[in-house]
Amino acid sequence: MTVRVRFAPSPTGSLHIGSVRTTLYNYFFARQNGGKLILRIEDTDQDRLVAGAIDSIYDGLAWLGMKWDEGPREGGPHAPYIQSERLPLYQKHAQQLVDVGGAYFCFCSKERLAALRAQQAARKEITRYDGLCRRIDPKEAADRAKTESHVVRQKVPDDGIIALDDLVYGHVEWPLSALEDQVLLKSDGFPTYHLAVVVDDHVMGITHVLRGEDWLPSTPKHLLIWRAFGWTIPPHAHVPNVLGPDGKKLSKRHGATKVEEFRAQGYLPAAMVNYLALIGWASGTEEEVFSLDELIQRWRIDHVHRAGGKWDRARLDWFNGVYIRKLTPDGLLTELEPFLPPEWDRAVVRKAIPLIQERMRTLVEGRDMIAFLFSDQVPLDRSVLVGKKHQPEEIERALSQSAVVLRYLDPFTSSGIEHGLRGIADDLDWKVKDATEPIRVAVTGKTEGPPLWESLELLGKEKTLARIERAEELLNGGGPS
RNA sequence: GGCCCGUUCGUCUAGCGGCCUAGGAUGCAGCCCUCUCAAGGCUGAGAUCACCGGUUCGAAUCCGGUACGGGCUACCA
């Protein structure tokens, strides 16, 4: 039997990091078993639809490097793959469930339901449906259903126990008495998630249900549906949540949560994939840098951790640095491209790459590191320029001596610059870094960054001298402040 | 409140009864390298394995309870 798994996002916004992690696990599982991957859009809540969400899901998954076999745009034997386009299927199955006694029509208004809940809450009782419509004679109910607004509710047996042997969590069981009669088909004719997943998973031949931990509590409802239809229940695996720093499910409150945000911040897809895969799974060895293909090979469902894992930006940053350093210089240039202002000379950027590649953790950081090469608007702060070791007059003198040496340098190359500047330090009897620091600040506005000699060469003699001059003026009391 | 799940260094995790005086990574600190910052190398601090009981010759690992955290509890997914 070929493995068939699905990822089933709902188009309520752009792709969330947490669903990406779950999707990744589905992806690994499908690929390592030579199985098929199905993308199914679960848009049964018409109120929560967000325009453009499907595009963003496609964009995000494609950016991450995931490819799938069946889906809304690629089609497949079970099209359509958008639940809102499969309504008759769910309606038919809801009816079937009513026929076999697994569900019933309910005519209670939302008002009555709300009032019921309020009363129960006031009495500090469990708030759940009271089963009023369960007692209506089926024939009468069927008649009323022809004209009256109604929903279809699941008929949960009064007692007994239902259990699941989860591939990750092991044996889990629920007392049926704790479950309420869930709505399966809404009055607008749309199914709820519970009906739609089960029907689609069965009809689409899904062999393994792999989804987030938050679905575990509603699994007994699904199990009951599978059972009522008399279908074979596929193995289920729930995977732990991705948490925010406070231990709660990762959400916008915690900052960036969407793939596109991380993309915009200059993270590489390979780093995202690698880092994300490691929240909730470990190889069991001491390796942890894995490509997508390696993850497909190495990932094992039985090595999935049960506890939720917190999102750790610092660790992501480290992974991103690792992947940036793995790039070829031209590869890095390509990755950098979307972040570069159009007017920046790409030939210069290309030459700067070896200077920044091992220093940057994100593409944005890399771009910022070389911005001084293209803009004369470098910030200049007098106290930063002077530093702590020397008097302003001494710094000014060092600067002007350096300028003299630099001015007569021809050609203006990094080795010449190095030689000249080291000479200045010697003359001054300063440490090289002390003589070098004011120049770095004058030219880049910062105390840290790419190596100076090469940076100056790239900047060129004219601009270098102009900026040093500007710094001298600042120390003179005149000039820019 | 009810049901379910979870709990090993700050963080991600290894660990599936003896190899654990608990390993790796990240982060942090220090040293080396060095024109700065990184990268790289080395070193270090950091976990009474939530707690209490039990099983066992032996428990981070098995069982029970407690505490704490989380998820779910909608005509949301």
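Below, chains carry the letters A, B, ... as their sequence lines are ordered, and counting in each starts from 1.
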Open item on the list: Distance criterion of 3.5 Å, no angle test: do you see the side chain of A:R440 paired donor-to-acceptor with the base of B:C35?
Closed with: yes

Open item on the list: Quick check on salt bridge (charged side-chain N to carboxylate O under 4.0 Å, His left out): which of A:R135, A:R134, A:K221 does A:D181 satisfy it with?
Closed with: A:R134

Open item on the list: Suppose we screen for side chain to side chain donor-acceptor pair (under 3.5 Å). Which residues come up paired with A:H238, at least two apart in sequence or across chains?
Closed with: A:D166, A:R211, A:T219

- [ ] Please state whether the base of B:C72 and the side chain of A:S218 form at least one donor-acceptor pair under 3.5 Å?
- [x] no

TODO: Could you pull out all residues at least two apart from A:L292 that satisfy side-chain contact (heavy atoms from CB on, under 4.5 Å)?
DONE: A:Y27, A:F28, A:V273

- [ ] Under the ring-ring contact (aromatic ring centres under 6.0 Å, His included) rule, collect the residues that match up with A:W215, sequence neighbours excluded.
- [x] A:Y193

- [ ] With a 4.0 Å heavy-atom cut-off, tell me which residues in residues 353-368 of chain A come close to RNA chain B, sorted by residue number.
- [x] A:E358, A:R359

- [ ] Measure from the side chain of A:N241, starting at C-beta and using heavy atoms only, and say which of B:A77, B:C75, B:G71 lies closest.
- [x] B:G71

Open item on the list: Between A:H303 and B:G15, is there a contact of a side-chain N or O with OP1 or OP2 at under 4.0 Å?
Closed with: yes

Task: Counterpart residues, side chain to side chain donor-acceptor pair (under 3.5 Å), relative to A:Q357 (two or more places apart) - done: none

TODO: For A:F372, enumerate each residue passing the ring-ring contact (aromatic ring centres under 6.0 Å, His included) test, keeping only those at least two apart in sequence or located in another chain.
DONE: none

Open item on the list: Between A:K433 and B:C33, is there a contact of a side-chain N or O with OP1 or OP2 at under 4.0 Å?
Closed with: no

Open item on the list: List the residues meeting side chain to side chain donor-acceptor pair (under 3.5 Å) with A:N274, not counting sequence neighbours, and say none if there are none.
Closed with: A:Y323

Task: Residues A:D45 and A:R48 bridged, charged N to O under 4.0 Å - done: yes

TODO: Check RNA chain B against residues 9-17 of chain A and give the residues with a non-hydrogen atom under 4.0 Å, in numerical order.
DONE: A:S10

Could I get a table of every N or O pair under 3.5 Å where one atom is in the protein and the other is in nucleotides 20-23 of chain B?
from  : atom 1 : to     : atom 2 : distance (Å)
B:G23 : O2'    : A:E286 : OE2    : 2.7

For residues 420-429 of chain A, which side-chain N or O atoms pair as donor and acceptor with protein atoms under 3.5 Å away, sequence neighbours left out?
from   : atom 1 : to     : atom 2 : distance (Å)
A:R422 : NE     : A:E418 : OE2    : 2.9
A:R422 : NH2    : A:E418 : OE2    : 3.0

- [ ] Ignoring backbone atoms, test whether A:K186 places a side-chain nitrogen or oxygen under 4.0 Å from the OP1 or OP2 oxygen of B:C76.
- [x] yes

Task: Result of checking A:V386, A:I395, A:V378, A:T447 against A:V441 for side-chain contact (heavy atoms from CB on, under 4.5 Å) - done: A:T447

Open item on the list: Among A:N26, A:I38, A:T23, which residue satisfies the side-chain contact (heavy atoms from CB on, under 4.5 Å) criterion with A:R6?
Closed with: A:I38

Task: Expected output: side-chain A:T192 to main-chain A:V183 donor-acceptor under 3.5 Å - done: yes

Show me the protein contacts with nucleotides 40-46 of chain B, counting only N or O atoms at under 3.5 Å.
none

Between the protein and nucleotides 3-12 of chain B, which nitrogen or oxygen pairs are less than 3.5 angstrom apart?
from  : atom 1 : to     : atom 2 : distance (Å)
B:U11 : O2'    : A:D312 : OD2    : 3.4
B:C12 : OP1    : A:K310 : N      : 2.8
B:C12 : O2'    : A:L278 : O      : 2.8

TODO: Indicate whether any N or O donor in one side chain lies under 3.5 Å from an N or O acceptor in the other, for A:D188 and A:Q46.
DONE: no

- [ ] Go through A:S84 and A:D43 one step at a time and tell me if the side-chain hydrogen bond (donor to acceptor under 3.5 Å, both in side chains) criterion holds.
- [x] CA-CA 6 Å; A:S84 60; A:D43 60 344; 2.6 Å; yes

Open item on the list: So A:S283, base contact, sugar-phosphate only, or nothing? Heavy-atom distance under 4.0 Å.
Closed with: nothing

